[in-house]
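Data block below; observations after.
It should be emphasised that the depicted structure is a prediction, and the values quoted were computed from it without experimental measurement.
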Amino acid sequence: MAAPDLRAQLDSLLLQLFRDLEELEAKRAVLNARVEEGWLSLAKARYAMGAKSVGPLQYASRMEPQACVHVSEAQDGLQEFRVVRPGAQTPEEVGPREAASFSLSLLPGLRRRKGPTRPPEPSEAPQDPLNWFGILVPHSLRQAQASFWDGLQLAADIASLQNRIEWGRSQLQGLQEKLKLEPRAA
Amino acid sequence: MLECSELYFNVDHGFLEGLVRGCKASLLTQQDYINLAQCETLEDLKIHLQTTDYGNFLANQTNPLTVSKIDTEMRKRLCREFYYFRNNSLEPLSTFFTYMTCSYMIDNVILLMNGALQKKSVKEILVKCHPLGRFTEMEAVNIAETPSDLFNAVLVETPLAPFFQDCMSENTLDELNIELLRNKLYKSYLEAFYKFCKNHGDVTAEVMCPILEFEADRRAFIITLNSFGTELSKEDRETLYPTIGKLCPEGLRLLAQAEDFDQMKRVADHYGVYKPLFEAVGGNGGKTLEDVFYEHEVQINVLAFNRQFHYGVFYAYVKLKEQEMRNIVWIAECISQRHRTKINSYIPIL
């Protein structure tokens, strides 16, 4: 391949990489904000309901996940992650993802599911975790749930983005090697 | 009852009233809260609390200090004070104190039942129960399957027994029914407490009845607000409203039909006390209805101390102390989450 072509390819790859990095930064900031909001809403719920009414006493150690990570292959061979609900209306829990470099260890960790979307659940829909705290829960608890769910979606996007960035970097290195090996233009 | 409590009150209850007024004077001031809000870590908070009346109550806590430990220790401290009052009291003040502990007992029973539903061990939950609501039959609560089981086997000997009248049913205890049980028990309790205060008459009735009426109305509003979007039907909702407040009967009937916050607000607009409270919701401070109600509660509890020779000071002191605990826990949470924007949302008391 001619050197100018290679260089053009290198440039466009670099630009794409920077765009991805910028998107990653923005998404990370939003994720942090959502998770912080979620925790503050939990604190507000504790204020309204009593400090011991919103805590580990209210949930069992074994639970049904409300969200599954769906891994799919995009056309360029990259893995894409999406968070899907296995039929339930309002989710909260998260399954730890292996490709994500950060851990959402704040949320109750559960068994994770990977692979193509499962067939619809044969038994009853997983119970809404909001009901662990009673039927009449304050608004702040619902807000916490919504914030954590948003954070979940973002986490999946960030994982996909990070994958793309890794791939982009390896492509970049490959191209740079090739460029070194090219005979210098006269 | 003779309407001259000034002549007879101090014989039996003067020492305790003096004591509770002294305790009230040691509640945290605005300056204390400002100092606490400036702390960077929970250890700083502990050091600042040592300079207040709390003293070294966290001295025996192992590292790391958590918000939950602070809350537990504060509760234990309040419990020690309360039991001192109760052990030194005579009738009818002792019955008054028993009524005060019933609300905590109800919370503990519900906590134990929920724990049984989640298959938690009884020991784990007993540690987290509110110390003010401790009673001897607590460990047996988790064996009950239905409310009538619960009553016949466990609670028939406790002070909660008279409140089970409306709650006896053969439904198994799942989340919805536990919630209904909690609210029905609380409704019966509130009505019984109100009747006790009213029958006592005198300054106690003049001070306590408005406080309990506000509590009843507050519960009605909060139940309504939290039931929007849940599976609780309107008829069920109406059975949970206590009937001793200003809202009974027209307001409660209207509230039972409300379907969103604006409709609830329109109901509140009919009542001079509640209209300004609802108008304060939202605004630029982002206050919720619960916040506004807590503020109002603090105001009426502080006013209870303006009258002498009545039992309301004890109730008011415990409620003010609870608000103080909520404030400290809120500040501690903001510090530990390093999210300081809302750290000043506590409600100052003195």
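Both the backbone and the side chain of Lys128(B) come within contact range of chain A, with heavy atoms under 4.5 Å apart. Of the atoms belonging to Gln118(B), heavy atoms from both backbone and side chain fall under 4.5 Å from chain A. Neither the backbone nor the side chain of Arg338(B) comes within less than 4.5 Å of any heavy atom in chain A. Interface remark: Asp291(B) contributes side-chain atoms only to the contact with chain A (heavy atom separation under 4.5 Å). Heavy atoms closer than 4.5 Å to chain A are found in both the backbone and the side chain of Ser227(B). The contact between Tyr294(B) and chain A is made entirely by side chain atoms (from C-beta outward), counting heavy-atom distances below 4.5 Å. There is no contact between Ile178(B) and chain A, counting heavy-atom distances below 4.5 Å.
Here the shortest heavy-atom pairing between Tyr47(A) and Gln323(B) reads OH-NE2, 3.0 Å. When every heavy atom of Arg142(A) is checked against every heavy atom of Phe228(B), the shortest pair comes out as NH2-O, 4.2 Å. Of all the heavy atoms in His339(B) and Leu40(A), the pair that sits closest is NE2-CD2, 3.9 Å.
Atom CG of residue Asp128(A) and atom OG1 of residue Thr230(B) lie 11.0 Å apart, to the nearest 0.5 angstrom. Atom CH2 of residue Trp39(A) and atom OG of residue Ser336(B) lie 9.5 Å apart, to the nearest 0.5 angstrom.
Leu232(B) is listed as a side-chain neighbour of Leu136(A), based on a closest heavy-atom distance under 4.5 Å. Side-chain contact between Leu111(B) and Gln58(A): present, with at least one pair of heavy atoms (C-beta onward) separated by less than 4.5 Å. Counting heavy atoms from C-beta outward, Phe133(A) and Asn114(B) have side chains that stay 4.5 Å or more apart. Here the side chains of Leu225(B) and His139(A) are not in contact, with every heavy-atom distance at 4.5 Å or above.
More than 12 heavy atoms of other residues, nucleotides or ligands sit less than 6.0 Å from atom NZ of Lys69(B). Within 6.0 Å of CZ in Arg19(A) there are more than 12 heavy atoms belonging to other residues, nucleotides or ligands. Shown here is Glu22(A), whose CD atom has no more than 12 heavy atoms of other residues, nucleotides or ligands within 6.0 Å.
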List the steps and the verdict of side-chain contact (heavy atoms from CB on, under 4.5 Å) for Arg46(A) and Arg326(B).
CA-CA 9 Å; Arg46(A) 278 192 204 105; Arg326(B) 268 196 291 270; over 6 Å; no
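By number of non-hydrogen pairs under 4.5 angstrom with chain A, the leading residue of Arg182(B), Glu290(B), Glu333(B) is Glu333(B).
Judged by distance alone, the side chains of Lys52(A) and Thr72(B) do bring a donor and an acceptor atom under 3.5 Å apart.
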